[in-house]
Structure formats: C-alpha cells, structure tokens
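All remarks here apply to the structure that follows.
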Protein chains: 2
Amino acid sequence: MDINKYKSHDRILVAVDCIIFGFDGQQLKALLIKRGFEPEIGKWSLMGGFVSQDESTDEAAARVLHQLTGMHNIYMEQLHCFSDVKRDAAGRVISVAYFALINIADYSEQLQLEHEARWFHLNKIPELIFDHKEMVTLAKERLRQKVTNHPIGFELLPEKFTLPSLQNLYEAIYEEPLDKRNFTRKILSLGILNKLDEKEKESSRKGAFYYIFDKNKYSKLHQEGVKFI
Amino acid sequence: MDINKYKSHDRILVAVDCIIFGFDGQQLKALLIKRGFEPEIGKWSLMGGFVSQDESTDEAAARVLHQLTGMHNIYMEQLHCFSDVKRDAAGRVISVAYFALINIADYSEQLQLEHEARWFHLNKIPELIFDHKEMVTLAKERLRQKVTNHPIGFELLPEKFTLPSLQNLYEAIYEEPLDKRNFTRKILSLGILNKLDEKEKESSRKGAFYYIFDKNKYSKLHQEGVKFI
DNA sequence: CCAAAAGTGTTGCTGATACACCCATGC
DNA sequence: GCATGGGTGTATCAGCAACACTTTTGG
C-alpha cells in the first residue's frame, strides 16, 4: 500500500474500549478490570487495547474481548468514537468504544482472577479512568434504546430462559418494573419464542417453562426491527 | 504530555468525512465535492480531512465543514467510525463520519464553485470513492431514525417555515407521503411552534402562514425526546 | 397447610389512521 | 371564474396500561 500520498499528516494512536454487559438473572452488570499498566495502574477501567495497522477497530474490539473472556462470536456493536485531545492523561489517544453483551454464566472465574476483573452493578460503577464513565453511561442509554426494537436482549441470557427471567432483564435495563401480564402477552404475541416442555425449578416451587428465541421466525418478521417493549 | 508510555503501539492516520444534508423545499439532498487530490482525484466524494494531533474529531469535522461552507455552529453529529484496513486504497486511514444539517438557502454559490461541489438528490448519488456510499446510506438511516424523536428537522429549514414545507421535509426524509390533517394536528399539538401573522406567498395563491420553532418550549417538554411523527 | 413464584383476561383509554370539502387568491 | 395549494373535523380501530386471583409444589 502506498501510504506516501498522505505522509504529511499526523498519525494518532487509536484504541478500543469495551463495555461488557452481563446479566445475572436479577441485575445488569458491567465487567471492569484493574488496569495493569501505567498510567493509572491499579485503577478500575474498561478493558481496552490499541488498534494496530493491520486490523479494523471491529477486529481490535473482538480481539480485546477475547483476551478478557476467552469468548468468540460475541454480540458487539460500535458505540462512539471518543477523541478529546486530553482524554488520556498520558498522550493523545483516540478511542472507539464498543459494547458487548455476554451470557454471564459463560464467563470463566479463572479469567476473572487472571485479569483482576470484576462485575459491577450498573448503579455501583466505581470511579473509572479517563472518560470511561462517560462511555459506560452512553452504552447504557444505547442498550436501552436498542433493546426496544431489536432482539438483542437474548444475548444476555442462556439459550434456554424463562419468561420471568426475560422480564427481569428488561426491568433491569429500563430500571423500572413491568406488568407481568402485559409483558408476557406482548412478547409471546411476537411469535418469536418457542416454548419447551421443560421447566426451570431453581427459583420457584412451581417452576417456570423454558423458552428459546427463534432467530428464523424473527428474521421472517421484519428486516428493520420490531417493537419489543 | 508524556506520550512515551504508549510508544510501542502503531499510530494511524485518522480522518473525518461529512455527510452534509440540505433540503430545497422539495427534496432532501447531500453536498458532494469533486475530490481535488490523489488518489481518486476528480471523483465524487464526501468532504473530508485529516485529524491533527491537537484537535478532536468533532473539531476536525467542524473545521472541514467550515472550509466547505463558510458556516459555523452547524448541527452535526457523529455517525460511525469506519476502519476497514483496506477502505482507503492509498493507505491505512480510519475515518470518523459525521452528518450535518444545513439550511440549503444559506449555502453560498460562490463556495460551491470554488470546491466543485454539487447537491445531489439522495436517490441519485453518483458513484463515490472508498466507502463513502456506505456512509451516506447509514447517515440517511440515522437521520430518519433521529428525526422521529428529536427536533432536528428544523435545522434543515429557514428560521421561518410553513407547515406544508415542514411536511414536505418529513416526507422527503421518510420517502413516503403523510396525511396533511394528521401531520398538522400532531405537530401543532406538541406546542413547540409559534405561528406568525406573516404568510409565505411564493408557492401558492392563498399563501401559507409562517411558523417558528420555539426551543424553549421544546426543552421544557422533555429532556429525552418526543415523538414528532 | 402455607409460602412463594408462575400463569392467565378484561376493560377503558389514548393515540393513530383514514378520509373530503371549503377557503383565499392571482391570473 | 377557475386553478392552485392551504386549511380544517370526525369516526373508527388498534395498541397500551391498569388491574387480582388461581395454580403448583416443596417444605
């Protein structure tokens, strides 16, 4: 590639930072790490990394996410590019923030220890370095907005989930209670969930039926989103 | 600033590209330029420029927009960061795309000539360099989505505008006709427009009353958006 | 038998849509 | 007086919100 054409222009360090959302059945959480290098070593931070010449920011974000979680094929979406000249105290770094949705149960305790990572309830995020708090806030808003019209909530749940747990998830995202009957009716009326015969018996005597999200039924519905809640 | 901490990482050229929307009373248009430098000189392109060490991408986008239009304080919003390794044939360049909304009547013919710029109807965008077509498509979608809940349509109109012209604008953005009575009722019911005594007489015998968008009334309404259409 | 969570219908209201005629004016 | 675009009201329908009791079962 002939880079000479542009050689008179400034080159800048580009990073990615990942807001990793997880749901434990009750609460919506974000995965943070204790930063392992200077500056700001030892402070809480989003997981991030620099973008190299030979990868896109999408690729860099997937790589960073894999480093922390060992996971591949995670739902991930670009959030925003943060570029204030002074956002990073140690030098000029532009950061492209991404948010990811993972099933918290799949996340390995082992990796958590290795990286000094911890899940934080979204209302109890500690002080974060640089502009990471702003990133988390924006990600939360975006998630809330997105989940209204797109079937991405399922990314936060196990493959088999119960209607009460799905409702808990939406309540956690919206931070407000929903009516059980209205919720059930609406979500089932979309015709995108398959009911199993099996029941989940951990969280109640009676037990709640498992459901599975049916991607095919969904994609037949609408190309451009459906009102979920 | 101590940039040494990060010195082992790659530095990358970062650019901004602007999708500039305008509305001529009937049609929604985008401003494109004939690219004045290699590579791809002479081809149609979005207006863009490189981000320097001492400016944010927001600042760079505002600068670039000012270069082309001579305008300041234009509505502008970050769209997406495009970062495919091969997106620019001449080298690795990451581009942060922005879209801007301007009142087309304010745009100087003079500058148009200087930059070999032209307004194109959104359904008649010519072949563009690199991934610029993709940027335009995404911007159009984002505008459509945004305008549903936020009062940004007014940025595309003169300060004084008529209800028919406002309706034309929404029809152009949605690419579908709206019912005049329903449109009028809904938009007036928001209580954010002030009717003037004056009439616009260019486009009809009868004349249509001018209205003005009242920012104060709007901001009292809701912090977080209202359903416009 | 009791505690705890799952499951299930109806009603009223609000907002969305569909639709047609008269008005004002310049020519 | 006629052609052009501006302005206005009503009826129907669909979707949303509010609301409480019965079922199941482990202990």
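FYI, side chains are in, hydrogens and waters are out, and symmetry mates aren't considered; it's all heavy atoms of this structure. Proteins come first, then strands; the chains are lettered A, B, ... in the order of their sequence lines, and each starts at number 1.
- One can place NZ of B:Lys180 at 17 Å from P of C:dA18, the figure rounded to the nearest angstrom.
- Aromatic rings of A:Tyr170 and A:Phe228 (six-membered ring for Trp) have centroids beyond the 6.0 Å cut-off, not under it.
- Of the candidate nucleotides D:dC19, C:dA20, C:dC19, D:dC19 has the atom nearest to the side chain of A:Asp179.
- Looking at A:Ser95 and A:Asp17, their side chains do bring a donor and an acceptor atom within 3.5 Å of each other.
- Mapped onto DNA chain C by nearest heavy atom, A:Thr184 and A:Ser203 fall at different nucleotides, with A:Ser203 at the one closer to the 5' end.
- Whole-Å rounding puts the A:Asn182 CG to C:dG12 P distance at 16 Å.
- The CD atom of B:Glu202 sits 12 Å away from the P atom of C:dC27 (whole-angstrom rounding).
- Distance, A:Glu171 CD to C:dA5 P: 14 Å, rounded to whole Å.
- Counting atom types as modelled, B:Arg185 pairs a side-chain N or O with a base atom of D:dT10 as donor and acceptor under 3.5 Å.
- Contacts with DNA chain D (heavy atom under 4.0 Å) in residues 204-212 of chain B: B:Ser204, B:Arg205, B:Lys206, B:Gly207, B:Ala208, B:Phe209, listed by number.
- Across the protein-nucleic acid pair, B:Phe183 atom CZ and D:dG9 atom P stand 18 Å apart, rounded to whole Å.
- Distance, A:Leu163 CG to D:dT23 P: 20 Å, rounded to whole Å.
- Using a 4.0 Å heavy-atom cutoff across all strands shown, A:Thr162 reaches no nucleic acid atom at all.
- The separation between B:Lys186 atom NZ and D:dG9 atom C1' is 17 Å, rounded to whole Å.
- The only option from B:Val136, B:Thr137, B:Ile173 that meets the side chain to side chain contact (heavy atoms under 4.5 Å, CB included) definition with B:Leu122 turns out to be B:Val136.
- Salt-bridge annotation for B:Glu198 and B:Lys160: present, with a side-chain N of the basic residue lying under 4.0 Å from a carboxylate O of the acidic one.
- At a cut-off of 3.5 angstrom, the base of C:dA20 holds at least one donor-acceptor pair with the side chain of B:Arg181.
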Show your working on salt bridge (charged side-chain N to carboxylate O under 4.0 Å, His left out) between A:Glu141 and A:Arg144 and close with a plain yes or no.
CA-CA 5 Å; A:Glu141 280 168 28; A:Arg144 198 176 297 196; over 6 Å; no
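- B:Leu193 places its CG atom 13 Å from the P atom of D:dG7, with the value rounded to the nearest Å.
- No hydrogens or angles considered: a donor-acceptor pair under 3.5 Å links the side chains of A:Asp58 and A:Tyr98.
- Annotation: B:Phe161 is in aromatic contact with B:Phe154 [ring centroid separation under 6.0 Å].
- Side-chain proximity of B:Lys201 to the nucleotides C:dT25, D:dT8, C:dT17 is greatest for C:dT25.
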